[in-house]
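Here is the structure we will look at, set down as structure tokens.
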Amino acid sequence: MRAVTQIWKNPSDYLRVNQPENPVLFFAPSVLYAQARLFVTGFPGLVTYAVKSNPQEMVIENLWMAGVTGFDVASPVEIRKVHAIAPTAKMHYNNPVRTPSEIAVAVACGVVSYSVDSATELDKLIAHVPATDTEITVRFKLPVAGAAYNFGAKFGATVEFAAQLLARVRDAGFIPSLTFHPGTQCTDPAAWQSYIEAAAQIAQKAGVRIARLNVGGGFPSHREHEIVPQLEATFALIARVTDQAFGADRPALVCEPGRGLVGDAFTLGTSVKAVRDGTHVFLNDGLYGALMECHWVASVDRVAVFDAMGQRRMGGTSPRVVFGPTCDSVDRIPGEVMLSDAISDGDFVLFESMGAYSWATNTEFNGFGALALAQVLSLEL
Ligand SMILES: *Cc1c(COP(=O)(O)O)cnc(C)c1O
């Protein structure tokens, strides 16, 4: 079922007319299209979309139509969804722990690539996946800083162990490749450099010429005013470092952005339930809703306050403690948020760059979380 029935000019237009009680995610397909083209034309290899970051069908459809031909999937549900929308898309199953029945779904739906970071999971793939024309990418990790969130804490083999796995992948007849994830909202391009250089060392240690190097997701969105994503510069660095590190054995490149593709295509519209006793601001959405990520990823500081008539409140701002609507004390945006001094009950607070890990992780805890969707021509505030 589609929640979207009408296209609005921009978020404030919608808020003024509808005065929504519930939080709203505003989606601008034009922004998603432009971002997809930036990746597809700028990245020096294959662009695949990490479906988990925003698994809505309209996102997958829009990316597919914009020329994104690959999808990073993590579960049978995601596999079937992508397969139904884009049957000829290339699916990469890059959740490195799978049951035999999950693997069977992947095989039946034509998944072309699987990641692995353990010997026992590689045994499973060898037992259940036909090797012909199928790639296995060994996922490795480094102790690298730079991202908002350490992805190596759960998955990734050490450099030494990755070399052993890679040799086994080749010996079993699969297409041998390597992958890593530098960590989400990774604003330091140098992180990719360390990983790419380590990949070359792993391949050399294993005595394997890798077919492809998947440089992960991690590409940042514009969550913070001061930190403007440098995607083109990062793409250029990835191409240059790969050439230097691998020379004649240069593998084809793959990336699998989630946030970097969808983040900036959505803005979250919340409303002010109360400015309690003139100090704390209570919103109708919070950490159990679309703002869940604020616990561990740099919080969004691209925030604007609109009055009930849809006019942006200009003038002075000051730091406020901001709570979500549930009764749980953890339901608070970490730190303080700079908000208009004139903020009042019934105002709207808009958070930009909220396309990733918002719709996907929204819960209905305490009876909240009825997140609406509205399509807009522009996200300009
Ligand atoms: C989550 C994830 C991604 C996407 O990460 P972003 O930081 O959103 O770009 C890509 N690949 C894998 C394996 C992931 O787990």
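These figures come from a predicted structure and were not determined experimentally. Note that ligands are numbered from 1 as they come in the structure, with each ligand's atoms numbered from 1 the same way.
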### Query
How does Asn95 reach ligand 1, by side chain, by backbone, by both or by neither, if only non-hydrogen atoms under 4.0 Å count?
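The answer is neither; Asn95 stays 4.0 Å or more away.
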
### Message
Heavy-atom distances under 4.0 Å decide this one: backbone, side chain, both or neither, for Phe155 against ligand 1?
### Response
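Looking at Phe155 and ligand 1, no heavy atom falls under 4.0 Å.
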
### Message
If the contact criterion is a heavy-atom separation under 4.0 Å, does Pro257 count as touching ligand 1?
### Response
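Right, Pro257 reaches ligand 1.
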
### Query
Could a heavy atom of Gly218 be found less than 4.0 Å from some atom of ligand 1?
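Yes, Gly218 has a heavy atom closer than 4.0 Å to ligand 1.
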
#### Entry: Per atom 4 (C) of ligand 1, closest listed option by heavy atom (Gly263, Ala50, Ser221, Ser115)
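Checking each option, the heavy atom nearest atom 4 (C) of ligand 1 is found in Ala50.
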
#### Entry: Closest to atom 5 (O) of ligand 1 among His92, Arg259, His181 (heavy-atom distance)
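Going through His92, Arg259, His181 one by one, His181 has the nearest heavy atom to atom 5 (O) of ligand 1.
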
#### Entry: Over 12 foreign heavy atoms within 6.0 Å of CD, Glu21
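No.
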
### Task
For atom NZ of Lys124, decide whether the heavy atoms of other residues, nucleotides or ligands shown that lie under 6.0 angstrom number more than 12.
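Result for NZ/Lys124: enclosed.
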
### Task
Verify, without hydrogens or angle tests, whether Asn22 (side chain) and Leu371 (backbone) share a donor-acceptor contact under 3.5 angstrom.
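Between the backbone of Leu371 and the side chain of Asn22 there is no qualifying donor-acceptor contact (under 3.5 Å).
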
### Query
Closest approach of Ser75 and Tyr93, non-hydrogen atoms and distance?
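In this case the closest contact between Ser75 and Tyr93 is N-CE2, 4.0 Å.
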
### Query
What residue among Leu142, Leu213, Ile238 forms side-chain contact (heavy atoms from CB on, under 4.5 Å) with Tyr195?
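One option only clears the test, and that one is Leu142.
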
### Query
Short N/O distance, under 3.5 Å, between Asn94 and ligand 1?
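Between Asn94 and ligand 1 (N or O atoms, distance only) the closest approach is not under 3.5 Å.
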
### Task
Please determine which of Phe266, Tyr14, Trp8 meets the ring pair (Phe, Tyr, Trp, His ring centres under 6.0 Å) test together with Phe26.
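That would be Tyr14.
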
